[in-house]
Amino acid sequence: MDAARGTTALAEATIGGPVLRWSSRTRTIAGIEAELARIWTSAPLTTTGADGAPERHVAARTSVMNLVVIARRPEIAEHASAVIRNLAGRHPSRTLVVSSADPDGPSWLDAHIQAHCVLPRPDAAETCAELIELTAGGESGRHVGAIVAPLLIHDLPVTLWWPGDPPLASPQALDLLAMSDRLVVDGSAWSGDGLDRLAALAAIVADRNLGDGHLAVSDFAMLRQSRWREAIASSFDRPELRPYLGGITRITVRYAAHPGAGVSGTNVIKPLYHVAWLASRLGMSVVEPLRPTKPGHMSGAEHPDIGAPVDGVLRAGRRRVPTHLVPVESTMPPGTTLAVELTATRGPGSLDVAVTAEAEAVMVRSSLGGRALPVRRFMAPRRTEVELLAETVESVGRDPVAIAALVMAAELAATG
Amino acid sequence: MRELRLERTGKRRRAAQTERNPLREGLRLERVPDPHVVVLFGATGDLSHRKVFPALAQLWRTNLLPQDWMLVAVGRRPYTDETFRVEIGRSLAEFNRVPLDREIERQFLDRIVYHRGDFADDGAYDRLAERLDGMDREHGTTGNRLFYLATQSSAFPLIVGQLGRTGLDHEVHGGGWRRIVIEKPFGRDLDSARRLNREVGKVFRESQVYRIDHYLGKETVRNLMVFRFGNGIFEPLWNRRYVDHVQITMAESIGVEERGSFYEETGATRDVVQNHLLQLLTLVAMEPPATFEADALRDEKVKVLRAIPEPTRADAARNVVRGQYGPGWVAAQQVRGYREEPEVDPISETESFVAARFQIDDWRWSGVPFYLRAGKRLPKRATEIAIQFKDVPHRLFRDAAVDPEPNVLAIRIQPDEGILLRFGSKVPGLGLDIRTVTMDFTYGSAFSVDSPDAYETLLLDAMLGDASLFTREDEVEAAWAIATPIVDSWLDGPAPEFPNYAAGTWGPEAAETLIERDGRRWRRI
């Protein structure tokens, strides 16, 4: 292997697990391109065939996607790189982790290029995934789009993962989104109540100029709730209970808040997504967006220090459906959903469903006309970022259910 | 007829609409089955230990089983719940795909109870029925039952009859579903398969019956449909105009191991050709189904089987080759011949290898031979489907040292699943030499290497009531209608000259002749 410019000769690949096969540094975009080409010309192409004779395989560059991570701080970049390395056999084809530093200094670029290879079986060629960790200093750090564009594998989907608080409405973000097919965020990690960014995200989803008009969006906050949605949906699986979906009269979501949150605000993206998902699935529309409860209406249980509940009204057909997001003092991380409660009527009958979090499970308790139905329990362990990112990189296309929920969430939270 | 069909379609649409739960839309991967009890007959057997329990444990680990879930293991051996759990714990340690966390394993094992009883004993079923009712009350399993027959096939009619006698098959309104999973072999010829279908049909409706062929649960097999019908570029080529022939190989390097007495009664044709190989053939050859619903898919598969002419005695003699391995060397180890294996007759005529040439008489495939081969003690373990395309119509590169080889698209099913395409490429240099190169796609390199085992996929499907990957009554019978005349033709013919291939080789010489006669050769795998 060529030893120029800090290239390191690395271990032979073992079967199954990814091995670091290439590591080099460079300081220009052209340098990065040259290094990437060298990885592909030096990967072993000839392997031993079944009869012992050398057999030529085309190097299997299993091209699935580009993953671009925008990390505004070095610690976010380090964390993201660690998550990506842990994806192991699920590597996208090329990952760029871009962070910027020293915005007022002169322009510079520092890139660390790595190839992680997997040997699927002894007689096959290795398949490699590239990881480029880039730091851009000075002015160039403000033009990330110009750094990313030449480094993407062409004709492959681009997933843009933006951890932390992305400036979604900024020109820099729009530049990057214009070349992306999927945006990945974690709404529950946004600062404050998260609603400003939610509005920006909904605007991006509605923007037909992005992602060729099909920009897909994945929010870890919504992905984490999949088992909750399964639990809620299951309570209406029985044919005799299904009609009650058309008669929902009240939706209440309780979420964890810590004392002092009244001032800084608790991130309410997760509880809001629950209401938005239900409303969008059931074809409801927003009559009154969510607003803080008037002080006179506040019940004694809620402590003003943890923030006020918010109330809104949805409409299903001709029926008004009061909706509440209620903070509850809890040791759980702020913004965690504690309970989703639904009340529904149909003729003289009434159905109450309470879905609550208990340790690593979600419990569904329902009662029909006051008579308790069997309790169901769904395991819902908290999923790690590695698992969520793995699910994200493997998902394809725009998920209409997620998009509808996102748009509804923004309408419910409308500040106008 | 047309009106009838329209009416039926209309009915199905309406039914689907009333059943729809709008909250289910978009919840694709997370579906957890309703609470239920699995009643596993033959729970102490090899299949249960190697496949069924590990698959269930993985489903439990990944939270895909409902929390209100129980398993009743039915067997004849004297175990208590506790001793049986210890036994299963041991099997899990040995056969699990991903090791279980100790606590998760404990939770899983706690949901298994042992029910001792002879399959013929009325009392055992009466007690079972009582026990299941008790479970509904205690564990909230709401009357849903999945019966799983992992016993010797001879016990199937007995168990099914007893389930009928005790009314355990009845789906009571609001009282839950009843389904039965039946393992292979489903009959040993056309007559016995029909008899068994009739016995099962006396008790269960066809929609309650899930005949398992684990090959259909494998990722690559499922991907075959995506590959064919989800890509625009292959389907136009997938016909007699471009395809020269198709080869389906299922090679095993192992011998009969501990299954000598079973294999003596079965042989390669019954063991793998009638089910796995013909299933693969139907998936390669079928027309695009109208929808991805279980019956639409199975209708198309049955059509393929019916388009294969039932072999006459002369066809069998000409187009089928059987073999049996003698002593030899496999993977640097000396191994004994079939007739020296434990529990095998020293003058056995059971075939451990079979190669066959089939034709499919329909518009798409007329004139395209399908070559199938399967055997034990072959040089390596490999299962693949290879589509060989026709030669280029005109030889343009006259000066090249060799002519370009025809393109091959190979779908590898095991050991590691993937797809491979061979095509000609110019050798670098001033001359114009053509060399065949391989473009090799391995699943593990593009996606998670953590694919579920076939049994995990199939068990979950049965629990969710999706029968797409299970074999329907008419499908089983149509496959036997092809395999039965072949095995029957051997019954009164002259004794075969067995053994006729050495362990560690690719089968008897006659298998080569079978394909070389058509001017083709087996792929070197």
Side-chain angles (χ1 to χ4, degrees), chain A residues 16 49-51 55-58 60 62-64 87-91 93 117-121 124-129 226-227 229-240 242 245 277-278 281-283 360-361 363 374-381 390-391 394 399-402 404-405, chain B residues 18-35 60-69 104 107 136-137 139-142 173-174 379-380 382 412 415-418 420-423 425 427 435-450 524-525:
Chain A
D51 51 2
E55 201 171 81
R56 197 162 171 80
H57 280 229
V58 174
T62 313
S63 299
V64 181
L87 279 179
R90 293 165 156 167
H91 272 291
S93 304
C117 295
V118 177
L119 186 64
R121 55 175 206 280
E126 286 181 350
T127 53
C128 302
S226 58
R227 201 40 68 79
R229 289 192 286 273
E230 166 70 25
I232 296 168
S234 78
S235 25
F236 296 93
D237 272 343
R238 282 172 57 179
E240 68 271 28
R242 213 160 289 160
L245 275 176
W277 168 68
L278 277 165
R281 280 306 91 216
L282 299 176
E360 290 216 311
M363 307 292 286
V375 178
R376 284 199 67 183
R377 185 162 179 261
F378 291 81
M379 287 308 291
E391 185 181 327
E394 281 164 17
D399 176 1
V401 174
Chain B
T18 50
E19 278 171 21
R20 225 180 99 233
N21 174 352
L23 298 183
R24 280 257 164 247
E25 205 175 315
L27 300 183
R28 282 166 305 178
L29 303 172
E30 302 92 344
R31 182 94 197 261
V32 176
D34 305 327
W60 180 262
R61 181 183 70 87
T62 46
N63 296 317
L64 286 169
L65 290 187
Q67 289 290 299
D68 313 304
W69 178 84
I104 292 175
Q107 290 170 4
D136 287 342
R137 287 190 296 274
H139 299 285
T141 43
T142 64
H173 180 68
K380 68 202 280 193
R412 209 171 40 231
D416 62 338
E417 310 185 316
L420 182 148
L421 180 69
R422 283 174 76 95
F423 58 92
S425 167
V427 177
R435 180 114 194 223
T436 301
V437 293
T438 306
M439 199 156 70
D440 194 343
F441 162 75
T442 306
Y443 275 90
S445 66
F447 304 114
S448 152
V449 281
D450 191 26
R524 204 181 55 181
I525 291 176

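Reminder, nothing fancy here: chain letters follow the sequence lines and each chain counts from 1.
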Student: Taking B:N21 for its side chain and A:A233 for its backbone only, find out whether a donor-acceptor pair lies under 3.5 Å.
Tutor: yes
Student: Keeping A:R227 on the side-chain end and B:N63 on the backbone end, is there a donor-acceptor pair under 3.5 Å?
Tutor: yes
Student: So which atom in A:V375 and which in B:D68 form the shortest heavy-atom distance, rounded to 0.1 Å?
Tutor: O-OD2, 3.7 Å
Student: Could you grab the distance from atom CH2 of B:W60 to atom CE of A:M379, nearest 0.5 Å is fine?
Tutor: 7.5 Å
Student: So B:R24 and A:R281, do their side chains get closer than 4.5 Å, heavy atoms only?
Tutor: no
Student: Chain A heavy atoms under 4.5 Å from B:T141: which part of the residue, side chain, backbone, both or neither?
Tutor: neither
Student: Keeping B:Q67 on the side-chain end and A:R376 on the backbone end, is there a donor-acceptor pair under 3.5 Å?
Tutor: no
Student: In the structure I gave you, are the side-chain heavy atoms of A:L282 and B:L23 within less than 4.5 Å of one another anywhere?
Tutor: yes
